[in-house]
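Remarks on the structure that follows.
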Amino acid sequence: SFMQGSKLEIPLWLAKGLHDSKRRIISVELPKIYKEAWRTVFSADANVVDLHKMGPYYYGFGSQLLNFDNPENPEIAQSILQTFISRFRRIMDSSQNAYNEDTSALVARLDELERALFRAGQKGLNDFQCWEKGQASQITASSLVQNYGKRKFTDMDG
């Protein structure tokens with residue numbers, strides 16, 4: 001059995017299950033990257049932080065932490081949002097210039113959400129360049145649009 005005040009590392013899903021703001025079964029200690037000292041680093045220059053090393057799911061995990069009634073929640077939420085905003089432009093710029101520079105060092109430092117954005121930016125650029133060169137022989141309507149059109153016609157039949 002555990003004494004009151006014992007510290008344990010438990011998975012997030014279990015902490016969420018045990019957390020009850022009325023009955024103080026557990027209190028959650030913030031991981032260091034969300035504490036005030038790191039929030040200060042992020043606000044100074046979020047681009048210098050290796051988010052992948054610090055926590056590959058920085059944004060997702062941080063937003064889950066807001067489920068716990070921590071008095072610092074407003075500051076944590078603001079820090080996560082500002083970090084995303086200040087890093088977003090550089091990620092998108094790099095994804096659009098990916099053919100002219102080695103981006104592996106940048107990508108290695110990105111959180112998983114940022115990596116997905118970077119890949120989406122690269123794919124968009126690549127698709128556009130193929131279309132420009134005439135390599136995209138035809139532009140096809142998405143299945144969503146096609147299905148919408150079919151549904152409209154069948155509605156009219158009745």
Side-chain angles (χ1 to χ4, degrees), residues 2 4-133 135-136 139-145:
F2 294 101
Q4 186 171 348
S6 297
K7 284 190 175 186
L8 292 174
E9 278 200 18
I10 59 174
L12 179 65
W13 61 266
L14 182 56
K16 282 172 76 174
L18 291 172
H19 181 71
D20 182 338
S21 52
K22 292 168 194 69
R23 298 178 304 136
R24 301 285 292 186
I25 300 169
I26 63 164
S27 61
V28 175
E29 187 178 318
L30 288 176
K32 67 179 180 181
I33 196 168
Y34 301 100
K35 288 184 179 174
E36 189 179 1
W38 271 100
R39 294 199 305 265
T40 307
V41 172
F42 281 117
S43 65
D45 185 359
N47 285 303
V48 302
V49 181
D50 184 340
L51 266 193
H52 205 267
K53 191 167 82 178
M54 296 303 291
Y57 296 96
Y58 170 76
Y59 300 106
F61 190 79
S63 59
Q64 290 291 321
L65 283 176
L66 302 175
N67 288 305
F68 305 106
D69 50 354
N70 190 302
E72 294 176 62
N73 273 359
E75 290 86 358
I76 295 166
Q78 184 64 19
S79 179
I80 291 170
L81 179 61
Q82 285 306 320
T83 298
F84 182 79
I85 290 168
S86 60
R87 289 168 63 101
F88 179 78
R89 161 160 252 140
R90 182 161 171 230
I91 291 165
M92 286 293 98
D93 284 351
S94 295
S95 76
Q96 299 306 291
N97 298 318
Y99 299 110
N100 308 332
E101 58 178 283
D102 179 18
T103 55
S104 55
L106 170 77
V107 174
R109 299 164 64 84
L110 302 181
D111 142 288
E112 289 300 322
L113 172 65
E114 293 174 335
R115 287 182 177 189
L117 286 169
F118 182 87
R119 286 193 297 270
Q122 277 192 315
K123 185 180 183 319
L125 176 66
N126 193 37
D127 289 352
F128 176 72
Q129 287 178 334
C130 286
W131 174 80
E132 241 184 351
K133 291 177 196 155
Q135 289 172 346
I139 296 174
T140 56
S142 76
S143 58
L144 188 70
V145 173

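Bear in mind that the values here come from a model prediction, so they are computed numbers and not experimental data.
With hydrogens and angles ignored, the 3.5 Å screen pairs no side-chain donor or acceptor of Asp127 with any backbone N or O of Gly124. Checked by atom type and distance alone, the side chain of Arg87 never pairs as donor or acceptor with a backbone atom of Leu110 at under 3.5 Å. Counting only distance, with no hydrogens or angles, the side chain of Ser94 and the backbone of Ile91 share no donor-acceptor pair below 3.5 Å. In this structure, Ser95 contributes its side chain and Met92 its backbone to a donor-acceptor pair below 3.5 Å. For the pair Tyr34 (side chain) and Gly62 (backbone), a donor-acceptor distance under 3.5 Å is present.
Within a 6.0 Å radius of CD in Glu36, other residues, nucleotides and ligands contribute 12 heavy atoms or fewer. Counting heavy atoms of neighbouring residues, nucleotides and ligands inside a 6.0 Å radius, atom OH of Tyr57 does not exceed 12 of them.
Of the N and O atoms on the side chains of Tyr59 and Glu114, at least one donor lies less than 3.5 Å from an acceptor on the other residue.
Taking Thr40 as the reference, nothing meets the side chain to side chain donor-acceptor pair (under 3.5 Å) condition, with sequence neighbours excluded. The side chain to side chain donor-acceptor pair (under 3.5 Å) test applied to Glu112 returns His52, not counting sequence neighbours. Contacts of Phe88 classified as ring-ring contact (aromatic ring centres under 6.0 Å, His included), with partners at least two apart in sequence or in another chain: Phe84. In this structure Arg109 satisfies the salt bridge (Lys or Arg N to Asp or Glu O under 4.0 Å) test with no other residue, sequence neighbours excluded. Shown here are the side chain to side chain donor-acceptor pair (under 3.5 Å) partners of Glu75, two or more places apart in sequence or in another chain: there are none.
Judged as a salt bridge (Lys or Arg N to Asp or Glu O under 4.0 Å), the pairs with a partner in residues 4-18 (not counting sequence neighbours) are, in order, Lys7-Glu29.
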| message | Is there a side-chain contact (heavy atoms from CB on, under 4.5 Å) between Ile85 and Gln82? Walk through the geometry before answering. | response | CA-CA 5 Å; Ile85 290 168; Gln82 285 306 320; 4.2 Å; yes
